[in-house]
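Notes to accompany the following structure.
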Amino acid sequence: MKVLDMQGIRKSFGELSVLKDISLSVEEGEVVAIIGPSGSGKSTLLRCATLLETVDGGSITYLDQAVAWEENGAAVYAPPRELREMRQVFGLVFQNFNLFPHFSVLRNIMDAPMKVQKRPGAEVEQEARELLKKMGLEGREDAYPFQLSGGQQQRVAIARALAMNPKLLFFDEPTSALDPELTGEVLRVIRRLAEEKMTMVIVTHEMGFARQVADRVIFMDKGVIVEQGGPEIIDHPVHARTRAFLNKLEGETT
Amino acid sequence: MSFGTMAAMLGGGMLKSILIYFCTLVGALPLGLLVAFGRMSKNRILSGIVKVYISIMRGTPLMLQLMVVFFGPFYLLRISTGTGYRFAAVVIGFVLNYAAYFAEIYRGGINAIPVGQREAAQVLGYSRSRTFMTIILPQVVRHILPAITNEMITLVKDTSLAFAISYAEMFTLAKKIASSHATLMPFIISGVFYYVFNFLVAFVMERCEKKLSYYR
Ligand SMILES: Nc1ncnc2c1ncn2[C@@H]1O[C@H](COP(=O)(O)OP(=O)(O)OP(=O)(O)O)[C@@H](O)[C@H]1O
Ligand SMILES: [Mg+2]
């Protein structure tokens with residue numbers, strides 16, 4: 001079953017055309033890695049998918065429910081009430097975590113399930129504690145975000161997203177705000193989610209990680225999908241632009 | 001006049017000063033938030049009007065504003081106001097003036113919250129009002145508390161401006177007694193009063209700031 005289906009997405013900021021006819025669909029249980037140079041529109045694509053930006057054209061469908069579609073060349077969105085429901089389908093992990101600084105770790109995770117999904121507190125708390133354990137953060141329930149390292153904060157952010165029981169989790173460069181030694185602990189958590197068949201779309205610059213976890217790798221450049229395929233395209237890119245990007249990246253890291 | 005009678009007379013004035021003070025805060029703190037929303041509105045006409053309002057409130061003397069509020073209804077509209085209006089005029093004048101200052105403080109505080117906070121809440125499905133009340137506002141309050149404290153201290157002293165429309169608060173009475181009895185005593189008493197009042201305000205606000213500083 002398709003969890004997400006985006007077709008012919010177009011998006012401009014003023015004169016600047018950032019997404020030019022992008023299509024992306026994600027099957028249940030699939031892990032998709034999106035790679036590409038800075039400014040290619042990766043974040044914008046995720047922001048459109050998570051309804052933080054509105055598209056100019058094309059269609060977005062979650063679990064066979066239309067979120068946005070095109071009428072007479074312009075994008076039309078479902079009514080706000082339906083959109084709010086649709087937001088329950090996905091979660092998003094930001095590059096810079098965006099935890100709520102005035103909430104404790106536990107409250108960061110529990111607040112939305114209780115206040116938005118109106119689930120009973122006891123059940124949510126039990127689940128939140130289990131999630132924390134899974135994230136290797138047992139015992140940090142009462143800490144505030146500022147008391148945690150970046151890697152710990154990002155793991156709390158992942159737990160916060162998972163507590164909503166999303167069908168699909170988006171990550172926008174989840175480790176690029178972290179020191180190299182903290183990157184591993186976050187990637188390990190995501191890898192474990194992949195093993196559990198969590199459906200994920202991950203924008204990343206970590207090629208080794210993408211190669212390991214992704215069922216499909218998408219290379220984006222200048223607002224289009226240049227090339228996509230199995231993780232082997234990282235080692236054997238077909239397109240010259242992909243090759244140039246990967247070579248440059250390799251040059252930077254080694 | 002004995003010190004006792006003088007203190008008793010001034011005591012009544014003090015209560016009135018304190019009443020002006022709290023009525024102003026109760027009115028201006030929430031109104032300031034509404035004004036800030038108006039100022040930040042996407043509706044150009046609304047934000048334009050609010051901008052002019054703020055600029056007039058901040059650009060003209062508060063004393064003058066009090067006089068306009070007090071005498072305006074009669075001179076401009078030929079409405080004769082009742083006897084209770086003097087106090088109402090003081091409070092209306094102060095609330096309108098302080099709401100403008102508070103609005104700019106709120107606006108600065110709201111703009112200082114990273115957009116990521118709002119976006120994280122939106123993706124989690126929080127409604128706009130819940131996002132503002134539980135995610136944005138608590139952080140704003142913490143951020144703007146020192147600036148609000150400043151205004152609250154200024155307001156203690158500004159209550160004395162009610163003498164402009166002869167409202168019998170502390171300072172108006174002190175002036176009256178001082179000139180009729182040729183003594184400096186009432187001024188000294190009122191000076192001590194304002195100082196102690198402000199000392200308490202600063203103390204309470206400092207406690208509030210400490211209480212909110214559990215996170216960074
Ligand atoms: N809100 C905005 N207003 C105007 N231009 C924007 C906005 N957001 C993004 N852009 C522009 O759109 C282009 C694509 O940006 P985007 O953030 O999607 O790239 P990216 O692939 O995520 O890059 P990076 O790897 O650096 O994160 C860039 O040129 C950027 O300047
Ligand atoms: Mg980006």
Distance, nearest 0.5 Å, that separates [atom1] of [X] from [atom2] of [Y]:
| X | Y | atom1 | atom2 | value |
| --- | --- | --- | --- | --- |
| Arg87(A) | Leu124(B) | CZ | CG | 10.5 Å |
| Glu119(B) | Leu51(A) | CD | CG | 12.0 Å |
| Leu137(B) | His102(A) | CG | NE2 | 9.5 Å |
| Ile136(B) | Phe100(A) | CD1 | CZ | 8.0 Å |

Verify the neighbour count for atom [atom1] of [X]: are there more than 12 heavy atoms of other residues, nucleotides or ligands below 6.0 Å?
| X | atom1 | answer |
| --- | --- | --- |
| Gln147(A) | CD | yes |
| Leu16(A) | CG | yes |
| Lys115(A) | NZ | yes |
| Phe199(B) | CZ | no |
| Phe187(B) | CZ | yes |
| Glu27(A) | CD | yes |
| Arg191(A) | CZ | yes |

Strictly less than 4.5 Å between heavy atoms, which residues of residues 200-216 of chain B line up against chain A? Please order them by number.
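Expected list: Tyr214(B), Tyr215(B), Arg216(B).
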With the side chain counted from C-beta on, respond yes when Phe170(A) and Val123(B) share a heavy-atom pair under 4.5 Å apart, and no when they do not.
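They are not in side-chain contact.
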Greatest number of heavy atom pairs closer than 4.5 Å to chain B - which of Leu99(A), Asn96(A), Thr50(A)
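So the answer, after comparing Leu99(A), Asn96(A), Thr50(A), is Leu99(A).
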Among Leu83(A), Leu52(A), Val93(A), which residue forms the greatest number of heavy-atom pairs with chain B at distances under 4.5 Å?
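Among the listed options, the one with the most contacts to chain B is Leu52(A).
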Please give me the minimum heavy-atom distance between Gly125(B) and Arg84(A), naming the atom from each residue.
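That closest heavy-atom pairing would be O-NH2, 3.3 Å.
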Which answer fits Arg47(A), side chain, backbone, both or neither, if we ask what part of it has an atom under 4.5 Å from a heavy atom of chain B?
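Just its side chain gets close to chain B.
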Please classify the contact of Arg118(B) with chain A as side chain, backbone, both or neither, using a heavy-atom distance under 4.5 Å.
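Contact with chain A is absent: no heavy atom of Arg118(B) under 4.5 Å.
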